[in-house]
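For reference, the structure discussed in these notes is given below.
Side chains are part of it too, since the values below use all heavy atoms of this structure and drop only hydrogens, waters and symmetry mates. Remember, predicted model here, so these are calculated numbers, not experimental data.
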Amino acid sequence: MAKKSGKEKEQKKLRKAEKKNAKKEKKAGKQSTKPTAEERFEMIATAAYYIAEKHGFDPERSTQDWHQAELQIDAKLKSHNNR
């Protein structure tokens, strides 16, 4: 039981530290630039649409177009996060 209590205390400390850091970042005007999974999906879907449009919406290329869009979006997100 004592170990569980220790774990609970450690988790509480971690949550408190996370909240403190979030407040500091908010106060400093910093915001998380990493998109959510849903936002990333929407970015890829939009990019895939425009790639597919260039190829006349060929249904045989849909998987290839999606993969190309994933590569483009992931590269842009990676370069943006490395700034």
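With hydrogens and angles disregarded, no donor-acceptor distance shorter than 3.5 Å links the side chain of Gln64 to the backbone of Arg61.
Going from atom CD of Glu42 over to atom OG1 of Thr36 covers 9.0 Å, rounded to the nearest 0.5 Å. The distance from the CD atom of Glu70 to the CZ atom of Phe41 is 9.5 Å, given to the nearest 0.5 Å. Put simply, CD on Gln72 and NZ on Lys76 are 6.0 Å apart, with the number rounded to the nearest 0.5 Å. Atom CG in Leu71 sits 9.0 Å away from atom CD1 in Ile44 (nearest 0.5 Å).
Summarising the geometry of Leu77 relative to Met43, their closest heavy-atom pair is CD2-SD, 4.3 Å, with the distance given to 0.1 Å. Of all non-hydrogen atoms in Arg40 and Pro35, the two that sit nearest each other are N-CB, 4.3 Å. The shortest non-hydrogen separation linking Ala48 to Trp66 is CB-CE3, 3.7 Å.
By the 6.0 Å contact criterion, CD on Glu53 is enclosed, its count of non-hydrogen atoms from other residues, nucleotides or ligands being greater than 12. Environment of NE2 in His55: crowded, with over 12 heavy atoms of neighbouring residues, nucleotides or ligands closer than 6.0 Å. Around the CZ atom of Phe57, the shell of radius 6.0 Å holds more than 12 heavy atoms that belong to other residues, nucleotides or ligands.
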